[in-house]
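Note sheet for the following structure.
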Amino acid sequence: MESTAIAASPQRRPVQQTVLAVLFALSASHLINDTLQSLLPALYPVLKQSFSLSYAQVGLITCIFQVAASLLQPMVGFYTDRQPRPFSLAVGMTLTLAGLVLLSQAASFHAILAAAALIGSGSSVFHPEASRLARLASGGRHGFAQSLFQVGGNLGTSLGPPLAALIVVRDGQRSVLWFTLFALAGIMILTAVGRWYRTHLELTRGRPPGPTLHPHAALSRRRIGWTLAVLIALIFSKYVYLASLTNYYTFYSIAKFGVSVQGALMRLFVFLFAVAAGTMIGGPLGDRIGRKRVIWFSILGVAPFSLALPYANATWTIVLTICVGVVLASAFPAIIVYAQELLPGKIGLISGLFFGMAFGIAGIASAMLGKVADHTSIFFVYHVCAFLPLIGLLTVFLPELDRPASR
């Protein structure tokens, strides 16, 4: 994609129209960002063997990575709501690049933890501002824009395991250096996006905002706070269960079905690809039928599949994880847009809070699940986590903020 095409977009079309060039650039950079970040959990079987790690240590790596990827996000979003930084996205990708270099050379557990912290920090800088830009370029198609942005990340997450299986498992830890080429490409794309954003800021500086009516205007501050608490509980149920699959599905497959490391990584790829498909479905569907209906379907609808998963054979496990991935992932674009519409003046803060919370909850859950697996078994973890989607019943307390599209 030519950077000039992106930079010229604000002059050729108003922001009320969907700027697809920017959305596709954000999706592509999200794909690169999350491909690079998914290398870390994909490498767990290799690192566990090379450094003789326990499940608890594996969980700690994830905890450090995802806490670093979560704590900064609300602060970044809060700051950029007031002081936009068009090139902060490229800075975030540079942090990820530094983490990859350190990971490829790490000779100790502590060096792995430091690399995980750098990679997580890159994600923390990237997500809030990228989500804001997706909304800015959406032309009012907020669910579509959020899904297109997020599906790039989900596709990237799904690509990490097969790439790790084909390159890193075969050639060793130092081959992680090859992936720095992706990071360099991401920096170039995000620099071009930054130019578009800078041009847009210059064109709109000093313009008075138009009148906007929000469907939540009658909600009290207390009701808004309660609604945010329900959304946080739904994020908790979604991401703790996703953590059990994303970080321990390979170990579960190897222990229960005796598959190879490469075979387990390919199973993980299939699941993560299903997550990407569900993400692309959730946003546009929310634009048409309403966010709350999508949240109902996604969070609670996954329960039959999660409850059946611990009892399934090898083939049905693959089928059930595909169903889990598609249904569960459709919720996140709807939840993000729902929260943004609840507090429309704080897009960066809300994006940072919910993306950060997703990473943070998943990281803490991963460490806790690793401890549980060490003291019981990996199979027990999957029996317990199967009940988490039932928290989706809390969706009944969410107010209606939008009306389904009539078209």
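- Side-chain N or O atoms of Ser50 include none that pairs as donor or acceptor with a backbone N or O of Leu47 at under 3.5 Å.
- Residues Ala25 and Val193 come closest through the heavy atom pair CB-CG2, 3.6 Å.
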- Stepwise side-chain contact (heavy atoms from CB on, under 4.5 Å) test for Tyr338 and Val294: CA-CA 11 Å; Tyr338 185 101; Val294 173; over 6 Å; no

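- Annotation: cation-pi geometry satisfied between Lys48 and Tyr55 (NZ/CZ under 6.0 angstrom from ring centroid, within 45° of ring axis).
- When all heavy atoms of Tyr249 and Phe271 are compared, the pair lying nearest together is CE2-CB, 4.3 Å.
- Side-chain contact check for Gln105 and Arg174: at least one donor-acceptor pair (N or O, by modelled atom type) lies under 3.5 Å.
- Closest of all the heavy-atom pairs between Leu245 and Leu268 is O-CD1, 3.9 Å.
- Side-chain contact check for Val384 versus Val381: every heavy-atom pair is 4.5 Å or farther apart.
- The backbone N or O of Ile295 sits nowhere less than 3.5 Å from a side-chain atom of Ser298 that would complete a donor-acceptor pair.
- Side-chain N or O atoms of Lys292 include none that pairs as donor or acceptor with a backbone N or O of Ala334 at under 3.5 Å.
- Taken from CZ in Phe387 to OH in Tyr241, the straight-line distance is 11.0 Å, to the nearest 0.5 Å.
- Within a 6.0 Å radius of CZ in Phe251, more than 12 heavy atoms belonging to other residues, nucleotides or ligands are found.
- One N or O on the side chain of His375 and one on the backbone of Lys371 form a donor-acceptor pair closer than 3.5 Å.
- Taking both residues in full, the closest heavy atoms of Val275 and Ala329 are given as O-CB, 3.1 Å, listed atom of the first, atom of the second, then distance.
- When side chains are defined from C-beta on, Leu60 counts as touching Ile64, because their heavy atoms get closer than 4.5 Å.
- Lys238 has its side chain out of reach of Leu234: every pair of non-hydrogen atoms, C-beta onward, lies at least 4.5 Å apart.
- One distance of note links CD of Gln57 with OH of Tyr44; it measures 12.5 Å at 0.5 Å rounding.
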Would you please test Leu133 and Leu89 for side-chain contact (heavy atoms from CB on, under 4.5 Å) and show each step? CA-CA 10 Å; Leu133 275 174; Leu89 298 175; 3.7 Å; yes

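- Between the side chain of Arg198 and the main chain of Gly194, no donor-acceptor pair closer than 3.5 Å is present.
- Judged by distance alone, the side chains of His127 and Ser131 never bring a donor and an acceptor atom under 3.5 Å apart.
- For residues 118-131, the set of pairs meeting the salt bridge (charged side-chain N to carboxylate O under 4.0 Å, His left out) definition, not counting sequence neighbours, comprises Glu129-Arg132.
- In this structure, Arg141 CZ and Leu23 CG are separated by 8.5 Å, a value rounded to the nearest 0.5 Å.
- Here the side chain of Ser124 pairs no donor or acceptor atom with the backbone of Ser121 at under 3.5 angstrom.
- In this structure, CG on Leu177 lies 10.5 Å from CZ on Phe179, to the nearest 0.5 angstrom.
- Note: Thr279 OG1 to Phe149 CZ = 11.5 Å, rounded to the nearest 0.5 Å.
- Interatomic distance, CG of Leu39 versus CD1 of Ile167, reported as 8.5 Å (0.5 Å rounding).
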Margin query: If you apply the rule side-chain contact (heavy atoms from CB on, under 4.5 Å), what do you find for Leu97 with Leu184, and how did you get there?
Written below: CA-CA 8 Å; Leu97 172 64; Leu184 291 171; 4.1 Å; yes

I'd like to know whether Thr191 forms a side-chain contact (heavy atoms from CB on, under 4.5 Å) with Arg195, so could you lay out the CA-CA distance, the side-chain angles of the two residues, the decisive distance to 0.1 Å, and finally the verdict. CA-CA 6 Å; Thr191 300; Arg195 294 193 188 103; 3.7 Å; yes

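- The closest side-chain heavy-atom distance from Phe182 to Thr35 is not below 4.5 Å.
- For an aromatic pair to be called close, the ring centres must be under 6.0 Å apart, and Phe24 with His30 fails this.
- Taking both residues in full, the closest heavy atoms of Pro399 and Arg223 are given as CB-NH2, 3.5 Å, listed atom of the first, atom of the second, then distance.
- By the 4.5 Å heavy-atom criterion applied to side chains, Cys385 and Ser306 are not counted as neighbours.
- Applying the ring-ring contact (aromatic ring centres under 6.0 Å, His included) test to every pair with at least one member in residues 69-91, sequence neighbours left out, gives no pairs at all.
- Side chains of Leu53 and Ile61 form a contact here, defined as non-hydrogen atoms less than 4.5 Å apart.
- The two residues Ala303 and Leu390 come nearest to each other via the heavy atoms CB-CD2, 3.9 Å.
- No donor-acceptor pair under 3.5 Å is formed between the side chain of Thr250 and the backbone N or O of Leu265.
- Side-chain N or O atoms of Ser377 include one that pairs as donor or acceptor with a backbone N or O of Phe380 at under 3.5 Å.
- Thr246 places no side-chain N or O within donor-acceptor distance of the main-chain N or O of Ala243, the cut-off being under 3.5 Å.
- Leu328 has its side chain out of reach of Pro389: every pair of non-hydrogen atoms, C-beta onward, lies at least 4.5 Å apart.
- Two residues are said to be in side-chain contact when any heavy atoms from C-beta on lie closer than 4.5 Å; Leu388 and Phe236 meet this criterion.
- Formation of a donor-acceptor pair under 3.5 Å by the Ser27 side chain with backbone atoms of Leu148 is found in this model.
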